[in-house]
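The block underneath contains the structure these notes are about, expressed in structure tokens.
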Amino acid sequence: MRDRERIRRVVSGVTGEILWDEPMSRHTTFRVGGLADVLISPCDLEGLKTVVVRSQEEGVPLFALGNGSNLLVRDGGIEGIVVSLSRFSGISVEGERIYVEAGVSCPVLAKTAYRMGLSGLEFACEIPGMVGGALVMNAGTHKGEIFGVVEWIRILTPAGEIQEVDRKDCDYGYRRTRLPAGIIVGASLRLSPGRREEIGRRMEEALAHRRATQPLSLSNAGCIFKNPSGISAGQVIEAVGVKGYRIGDAQVSERHANFIINRGKATAEEILSLISLVRGRVEEERGITLEMEIRIVGRGQESAY
Ligand code: EPU
């Protein structure tokens with residue numbers, strides 16, 4: 001109850017939707033996850049600042065949520081406050097530069113660049129996440145990664161201040177970054193002029209490849225593991241023979257072995273057990289330790305990931 005009061009003090013008066021005891025299964029593409037104590041979607045930067053600063057003062061844990069596309073929330077849910085960036089959805093274009101807010105979806109960003117005849121973001125049409133999450137993990141495909149076009153990112157620090165961080169200070173690499181503490185609220189991207197037909201063709205090709213190779217009609221969280229150096233995780237997982245394996249309603253996709261699909265009522269526990277099984281088998285048979293690409297959060301037994 002004391003925790004509730006502290007949470008109430010953090011969110012009181014903030015403009016935006018506030019949902020108490022909200023099932024995270026409604027906010028993750030896996031359709032899995034227990035209750036968040038509260039989920040708030042502030043309407044503006046002032047509101048977000050208030051939540052960030054007060055949660056520090058009150059000692060309430062805070063978790064920033066995009067569209068839950070690369071995320072596994074445990075069945076025990078999330079303690080404290082989940083703050084959704086979904087209302088931060090502005091995009092402005094000036095010449096070859098785009099300033100994009102964290103809550104814009106990557107496909108919307110890619111389409112905007114296409115409409116403006118700007119090249120460099122074609123790959124982003126097949127990334128299901130929002131820009132904020134894509135920046136945190138330097139999301140990408142074989143055709144490019146988001147840090148390929150970043151100039152600087154804008155972060156709201158735990159002290160409630162806005163900090164701009166230059167790309168060279170983000171220590172980014174394949175599916176990773178090291179950023180100062182805080183919540184990403186936007187980024188400035190630098191693209192190059194291109195012919196719209198060419199840009200459109202590259203986007204179509206990427207989407208066709210994705211449709212042909214990934215299990216898009218079933219709930220999933222994208223690729224589970226990062227690709228080990230020089231090989232695709234999906235290829236290795238298929239080679240050790242666990243494609244199609246199932247624990248409860250969680251199944252290693254028959255279509256792409258680096259995906260786990262939720263066949264309906266999967267629990268986080270089932271998905272985590274399947275992840276352990278796959279990793280164990282790849283480690284035993286190939287001596288490769290697969291690194292997680294998805295983020296695993298929430299109350300419950302801390303896993304080794
Ligand atoms: N393959 C198999 N078996 C499988 C899956 C793939 O043998 O079950 C083989 C394919 O035949 C191909 C190779 O592995 O020869 C590569 O497969 P794919 O083109 O599907 O690419 P990927 O390396 O598995 C990466 C990204 C995807 C992105 C695709 C397409 C990572 C971890 N994954 O997958 O990103 O959509 O390229 O650009 O970098 C994600 O990050 O969530 C994600 C899905």
Side-chain angles (χ1 to χ4, degrees), residues 19 21-41 61-89 102-107 124 126-141 145-146 175-177 179 182-185 214-216 218-226 233 249-253 256 258-276 278-279 290-305:
L19 302 167
D21 297 318
E22 178 66 7
M24 288 303 294
S25 52
R26 293 191 189 146
H27 303 276
T28 57
T29 57
F30 244 149
R31 301 275 166 252
V32 161
L35 305 184
D37 290 339
V38 75
L39 188 151
I40 180 164
S41 313
L62 187 68
F63 174 70
L65 177 74
N67 67 348
S69 62
N70 198 50
L71 184 65
L72 176 58
V73 177
R74 292 194 186 87
D75 303 315
I78 300 184
E79 185 189 339
I81 299 172
V82 175
V83 64
S84 162
L85 276 285
S86 59
R87 304 292 291 267
F88 290 74
S89 54
V104 171
S105 86
C106 289
E126 58 158 324
I127 294 183
M130 284 180 178
V131 167
L135 288 164
V136 172
M137 64 172 291
N138 189 17
T141 70
E145 58 183 27
I146 190 98
R175 303 293 182 275
R176 62 161 201 88
T177 58
L179 306 175
I183 295 177
I184 297 180
V185 291
Q214 298 182 7
L216 301 183
L218 295 156
S219 304
N220 69 76
C223 283
I224 298 288
F225 303 103
K226 298 182 186 184
D249 257 359
Q251 184 177 29
V252 178
S253 165
H256 194 303
N258 198 9
F259 281 67
I260 288 178
I261 50 176
N262 175 359
R263 300 210 64 98
K265 294 197 162 57
T267 61
E269 198 55 48
E270 289 166 353
I271 294 170
L272 286 167
S273 302
L274 197 53
I275 289 172
S276 291
V278 170
R279 278 184 117 201
L290 290 175
E291 251 187 82
M292 299 308 299
E293 178 175 297
I294 59 165
R295 189 150 174 222
I296 301 168
V297 299
R299 298 183 185 98
Q301 204 192 344
E302 286 304 315
S303 54
Y305 312 121

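Keep in mind that what you see is a predicted model, and the values were worked out from it rather than measured. All values below come from the heavy atoms of this structure, side chains included, with hydrogens, waters and symmetry mates left out.
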*Give the C-alpha distance, both sets of side-chain angles, the deciding distance and a yes or no for side-chain contact (heavy atoms from CB on, under 4.5 Å) between I183 and L62.*
CA-CA 10 Å; I183 295 177; L62 187 68; 4.2 Å; yes
*Does the side-chain contact (heavy atoms from CB on, under 4.5 Å) test come out yes or no for L71 and L65, once each step is laid out?*
CA-CA 9 Å; L71 184 65; L65 177 74; 3.6 Å; yes
*Output, in order, the C-alpha distance, side-chain angles, deciding distance and verdict of side-chain contact (heavy atoms from CB on, under 4.5 Å) for T28 and L72.*
CA-CA 7 Å; T28 57; L72 176 58; over 6 Å; no
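Using a 4.5 Å heavy-atom cutoff, the side chains of F259 and Q214 are in contact. Annotation: side chain of L85 is not in contact with side chain of I184 (no heavy-atom distance under 4.5 Å). The shortest distance between side-chain heavy atoms of N220 and N262 does not fall below 4.5 Å. Side-chain contact between V32 and I271 is present, with at least one heavy-atom pair separated by less than 4.5 Å. Contact check for L39 versus M24: side-chain heavy atoms found under the 4.5 Å cut-off. Residues M137 and R176 form no side-chain contact, since every pair of their non-hydrogen atoms from C-beta on lies 4.5 Å or further apart. For the pair I127 and I146, the minimum side-chain heavy-atom distance is 4.5 Å or more. When side chains are defined from C-beta on, D75 does not count as touching E270, because their heavy atoms never get closer than 4.5 Å.
Note that the CG atom of N138 and the CD atom of E145 stand 4.0 Å from one another [nearest 0.5 Å]. Taking NE2 from H256 and SG from C223, the interatomic distance works out to 5.0 Å, rounded to the nearest 0.5 Å. Separating the CG atom in L290 from the CD1 atom in I224 is a distance of 11.0 Å, to the nearest 0.5 Å. Rounding to the nearest 0.5 Å places CG of N67 at 9.5 Å from OG of S86. Taken from NE2 in H27 to CD1 in I78, the straight-line distance is 10.0 Å, to the nearest 0.5 Å. Expressed to the nearest 0.5 Å, how far CD of E22 lies from CD1 of I40 amounts to 12.5 Å.
Here the side chain of T29 pairs a donor or acceptor atom with the backbone of G68 at under 3.5 angstrom. A donor-acceptor pair under 3.5 Å links the side-chain atoms of N70 to the main chain of E293, judged by distance alone.
Summarising the geometry of A233 relative to N258, their closest heavy-atom pair is CB-ND2, 3.6 Å, with the distance given to 0.1 Å. A pairwise comparison of heavy atoms in A221 and I294 identifies O-CG2, 3.6 Å as the closest pair. Nearest heavy atom pair, residue R279 against residue F225, reads CG-CE2, 3.4 Å. Shortest non-hydrogen contact noted between V136 and T177 is O-OG1, 2.6 Å. A pairwise comparison of heavy atoms in S84 and S41 identifies CB-OG, 3.6 Å as the closest pair. Across all their heavy atoms, R74 and A268 have their closest contact at CA-CB, 3.6 Å.
Legend: residues meeting salt bridge (Lys or Arg N to Asp or Glu O under 4.0 Å) with R263, ordered by chain and number and at least two apart, are absent.
Electrostatic pairing of E291 and K226 counts as a salt bridge here, judged by a charged N lying under 4.0 Å from a carboxylate O. A salt bridge links D37 to R299: one of the charged nitrogens lies within less than 4.0 Å of a carboxylate oxygen.
For R295, the CZ atom sits in a loose shell: 12 or fewer heavy atoms of surrounding residues, nucleotides or ligands are nearer than 6.0 Å.
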